[in-house]
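Structure first, then comments.
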Amino acid sequence: NSIIHYSTSPIVLKINPHYKYNKVSSVYNDEKLFSYYVANWMEHIEKYMSTSSEYFLVKAEDLRLDVRSVAKHVCQYLNIDIDLSDVVQELSFSSLKSKSPNHIRSSNSDWRKHFTKRHIDIFKDIAGTQLISMEYEENYEW
């Protein structure tokens, strides 16, 4: 969902004039392109997950729930001691959105507003296992 909104934004279209759609709905109506984006996302995630011992995963959802706790865990992982006051403000949703307004649109996941049953089925077929393994979903009942 994020990549679809991002790839149809004016700034991205200016940089990538070969992209053929400038509306989110056009991408959602193109099942082949939607499937490509899902498969691309899955490959991206699989590459990161295959090296998960080499990095500390921070999910945007966790930042929304408790920025201070996430920042504290990151500092512990990196073995650094800093004042978290400034860090917490820099990691707030409003701060992140101001730095990347075309990518961060909402403080809540909004894919459910855009995906039809067909989109969900495509996502389940291609990357449902990844969503479950990353604990974004408990099972295939979504």
Side-chain angles (χ1 to χ4, degrees), residues 1-16 19-142:
N1 188 43
S2 294
I3 191 64
I4 291 170
H5 283 82
Y6 183 73
S7 67
T8 57
S9 67
I11 193 165
V12 172
L13 290 170
K14 187 175 183 178
I15 296 168
N16 298 284
Y19 286 6
K20 66 180 185 178
Y21 297 126
N22 62 3
K23 292 183 191 173
V24 169
S25 59
S26 298
V27 177
Y28 280 110
N29 289 330
D30 185 336
E31 284 187 15
K32 185 176 178 180
L33 182 58
F34 180 82
S35 297
Y36 169 80
Y37 279 145
V38 173
N40 198 5
W41 175 85
M42 185 189 69
E43 285 180 27
H44 177 75
I45 296 301
E46 284 179 336
K47 286 177 185 173
Y48 277 106
M49 298 309 281
S50 71
T51 60
S52 63
S53 64
E54 299 174 25
Y55 66 88
F56 184 82
L57 179 64
V58 175
K59 293 181 181 177
E61 296 82 4
D62 295 337
L63 286 171
R64 282 194 296 264
L65 291 174
D66 188 356
V67 173
R68 182 170 293 283
S69 178
V70 172
K72 182 179 175 182
H73 284 99
V74 170
C75 289
Q76 288 171 343
Y77 177 80
L78 297 173
N79 198 27
I80 58 175
D81 185 24
I82 62 171
D83 178 13
L84 292 178
S85 302
D86 294 334
V87 173
V88 168
Q89 179 53 35
E90 285 295 310
L91 294 175
S92 71
F93 175 77
S94 58
S95 177
L96 293 174
K97 183 170 176 61
S98 71
K99 293 175 184 172
S100 186
N102 292 323
H103 192 68
I104 300 175
R105 298 175 326 281
S106 171
S107 62
N108 296 311
S109 178
D110 65 350
W111 66 267
R112 293 180 198 275
K113 291 191 295 187
H114 300 280
F115 282 21
T116 64
K117 176 162 179 5
R118 179 69 183 132
H119 294 119
I120 291 170
D121 289 342
I122 290 169
F123 210 101
K124 284 179 185 180
D125 289 345
I126 297 172
T129 303
Q130 275 64 32
L131 284 182
I132 293 168
S133 71
M134 294 173 66
E135 299 178 350
Y136 282 110
E137 296 294 336
E138 291 182 28
N139 52 44
Y140 282 93
E141 303 300 317
W142 44 281

Set of residues satisfying salt bridge (Lys or Arg N to Asp or Glu O under 4.0 Å) with respect to K117, sequence neighbours excluded: D121
State which residues pass salt bridge (Lys or Arg N to Asp or Glu O under 4.0 Å) with K20; sequence neighbours excluded, sorted by chain then number. D30
Tell me, please, which residues at least two apart from [X] pass side chain to side chain donor-acceptor pair (under 3.5 Å).
X    : result
N22  : none
Y136 : E61
E137 : R112
S85  : D83

If you look only at distance, which donor and acceptor atoms sit under 3.5 Å apart when one is on a side chain in residues 123-133 and the other is two or more places apart or in another chain?
residue	atom	partner	partner atom	Å
K124	NZ	Y140	O	2.7
K124	NZ	W142	O	3.1
T129	OG1	Y140	OH	2.8
Q130	NE2	E46	OE2	2.9
S133	OG	T129	O	3.4
S133	OG	Q130	O	3.0

Say you draw a straight line from CD1 of I4 to OG of S25; how long is it, rounded to the nearest 0.5 Å? 10.5 Å
Expected list for residues 68-77: side-chain donor-acceptor pairs under 3.5 angstrom, two or more places apart:
residue	atom	partner	partner atom	Å
H73	ND1	S69	O	2.7

For [X], which residues count as a side chain to side chain contact (heavy atoms under 4.5 Å, CB included) partner, sequence neighbours excluded?
X    : value
T116 : R118, H119
N16  : V12, H18, Y19
T51  : E54, Y55

Ignoring hydrogens, what is the shortest heavy-atom contact between L13 and Y21? Give both atom names and the distance. CD2-O, 3.4 Å
Could you report the tightest heavy-atom contact between M49 and M134, atom names first, then the distance? CE-CG, 4.2 Å
List the atom pairs, with distances to 0.1 Å, where a side-chain N or O of residues 34-44 and a protein N or O form a donor-acceptor pair under 3.5 Å, not counting sequence neighbours.
residue	atom	partner	partner atom	Å
S35	OG	E31	O	2.9
Y37	OH	S7	OG	3.2

Do N29 and V27 touch side chain to side chain, with heavy atoms closer than 4.5 Å? no
